[in-house]
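The shown structure was predicted, so the numbers you read here are calculated from the model rather than taken from an experiment. Chain letters run A, B, ... following the sequence lines, proteins first, then strands; residues in each count from 1.
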2 protein chains.
Amino acid sequence: MSMLESEQTKLQETNNYVPKQPSHIECSIEKALDVIGGKWSFLVIRELFNGTKRFGELQRTISSVSPKSLTDTLRHLEENGVLERTAYPTVPVTVEYKLTPKGDDLHQMIKAMKLWAAKWY
Amino acid sequence: MSMLESEQTKLQETNNYVPKQPSHIECSIEKALDVIGGKWSFLVIRELFNGTKRFGELQRTISSVSPKSLTDTLRHLEENGVLERTAYPTVPVTVEYKLTPKGDDLHQMIKAMKLWAAKWY
DNA sequence: CAGTATCCCTCCAGATACTG
DNA sequence: CAGTATCTGGAGGGATACTG
């Protein structure tokens, strides 16, 4: 709890993305929604299901999301332990994003969503 | 461009603001997120899993959501065919909300979300 | 290349008041 | 009881310019 709190506070101070949600997360499912409920979150995760991607790749494939919004989304997912950021000290810099096991494990959940949507749409 | 077309049905072509979603819904999963991704949507659905509820009941159980937000949420879910509104001509009016089969069928999806959350939190 | 730093504006969420 | 009507702050998010 205290960790979450400090993260939230830090996010607000730096004017970064703070996901919309009721002020109290009373149910564990809210955490899942917090992770994939953002405007761009799911699209990023979907890209990363196909493997490691770089910042520029994501920006190009995801309908020209602005760098600011993409950064905010990536930070939020990273703080939730869903993806991992790796910077290589090349010139110029190379940064790669990949899903963590926790992120990979979203697959079942997203599959269930896909099943529901396929059935009713 | 005509600014005021029917708002919810033409998500794909409009350049207008679409809340919480990229302007193009390219993937069926986006529909699932559209249904449960709202700030209050999931909480309402969760209540209705326990059976038919009235407006006032929902308002009381869901941490004092404002009537406007609750109405907006209920309308949105109704338009998506997830729940059903029934008004009885009593005095004063009695209105009941219950999940449709489509809404009941969200159960698997939500179960998957719960499993993921339980595993990682 | 992969981001920051700004500016700016849209636009909902929530509060409040009112009503059939 | 079950909603509408109305107002508003401030955050969400885009555009652009800049940088290590």
Side-chain angles (χ1 to χ4, degrees), chain A residues 8-24 34 37-44 47-48 52-78 83-98, chain B residues 1 3-4 7-8 14-24 34 37-44 47 52-78 83-98:
Chain A
Q8 296 277 347
T9 304
K10 187 169 138 193
L11 283 173
Q12 286 174 346
E13 282 172 355
T14 53
N15 197 25
N16 280 335
Y17 177 69
V18 177
K20 285 183 181 176
Q21 54 186 259
S23 50
H24 55 309
D34 181 35
K39 184 172 179 180
W40 305 102
S41 300
F42 167 69
L43 294 175
V44 169
E47 287 302 314
L48 293 184
T52 300
K53 300 281 179 186
R54 300 176 61 180
F55 188 90
E57 289 182 277
L58 292 172
Q59 192 174 16
R60 258 175 280 116
T61 41
I62 301 175
S63 62
S64 4
V65 55
S66 72
K68 177 177 172 296
S69 298
L70 183 55
T71 300
D72 291 347
T73 303
L74 288 170
R75 291 280 181 279
H76 182 236
L77 293 175
E78 189 186 1
L83 61 77
E84 196 173 46
R85 195 190 100 115
T86 311
Y88 300 97
T90 55
V91 178
V93 189
T94 302
V95 179
E96 288 186 346
Y97 294 92
K98 62 174 292 193
Chain B
M1 289 300 167
M3 303 286 285
L4 294 175
E7 55 263 63
Q8 295 290 347
T14 181
N15 286 329
N16 291 338
Y17 179 77
V18 178
K20 302 174 196 284
Q21 300 286 331
S23 54
H24 55 301
D34 182 35
K39 185 172 178 179
W40 305 102
S41 300
F42 166 69
L43 295 174
V44 169
E47 287 304 313
T52 301
K53 300 282 178 185
R54 300 178 61 180
F55 188 90
E57 289 183 277
L58 292 172
Q59 194 174 15
R60 258 173 281 115
T61 41
I62 302 176
S63 62
S64 8
V65 56
S66 72
K68 178 180 172 294
S69 298
L70 183 54
T71 300
D72 292 345
T73 303
L74 289 169
R75 290 279 181 278
H76 184 236
L77 293 175
E78 190 185 1
L83 60 77
E84 197 173 47
R85 195 190 100 115
T86 312
Y88 300 97
T90 54
V91 177
V93 189
T94 302
V95 180
E96 288 185 346
Y97 295 91
K98 61 173 293 193

- Task: Treating a pair as Watson-Crick (purine N1 to pyrimidine N3 plus N6-O4 or O6-N4) or G-U wobble (N1-O2 and O6-N3) with both distances under 3.5 Å, list the stems of 3 or more consecutive pairs that involve DNA chain D.
- Result: C:1-20 with D:1-20
- Query: Which whole-number value in Å describes the distance from B:Asp72 CG to C:dA13 P?
  - Reply: 7 Å
- Message: D:dG14, OP1 or OP2 - any side-chain N/O from A:Lys39 closer than 4.0 Å?
- Response: yes
- Whole-Å distance between D:dA2 P and B:Glu78 CD? 15 Å
For nucleotides 4-8 of chain D, print each protein N/O atom paired with a nucleotide N/O atom at under 3.5 Å, atom names and distance only.
unit_1	atom_1	unit_2	atom_2	d
D:dT4	OP1	B:Arg75	NH2	2.8

- Message: Holding to side-chain hydrogen bond (donor to acceptor under 3.5 Å, both in side chains), I want the full list of residues that pass it with B:Thr71, two or more places apart in sequence or in another chain.
- Response: none
- Message: Check the phosphate of D:dC1 against B:Arg54, side-chain N and O only, distance under 4.0 Å to OP1 or OP2. Yes or no?
- Response: no
- Nearest-angstrom distance from the residue atom CD1 of B:Ile62 to P of D:dA2: 14 Å
- Message: So B:Thr52 and B:Tyr97, do their side chains get closer than 4.5 Å, heavy atoms only?
- Response: no
- Message: Suppose we screen for side chain to side chain contact (heavy atoms under 4.5 Å, CB included). Which residues come up paired with B:Thr90, at least two apart in sequence or across chains?
- Response: B:Tyr88, B:Thr94
- Item | Counterpart residues, salt bridge (charged side-chain N to carboxylate O under 4.0 Å, His left out), relative to B:Lys98 (two or more places apart) | none
- Query: Between B:Tyr97 and D:dG3, does any side-chain N or O lie under 4.0 Å from OP1 or OP2?
  - Reply: yes
- The side-chain hydrogen bond (donor to acceptor under 3.5 Å, both in side chains) partners of B:Thr73 (sequence neighbours excluded) come to none
- With nearest nucleotides of DNA chain D determined for A:Val93 and A:Ser69 from heavy-atom distances, which residue corresponds to the more 5′ nucleotide? A:Ser69
- Taking CG from B:Leu74 and P from D:dG3, how many angstroms apart are they, rounded to a whole number? 7 Å
- Item | Flag side-chain contact, heavy atom, 4.5 Å: A:Asp34 against A:His76 | yes
- Item | Residue pair B:Leu70 / B:Trp40, side-chain heavy-atom distance below 4.5 Å | no
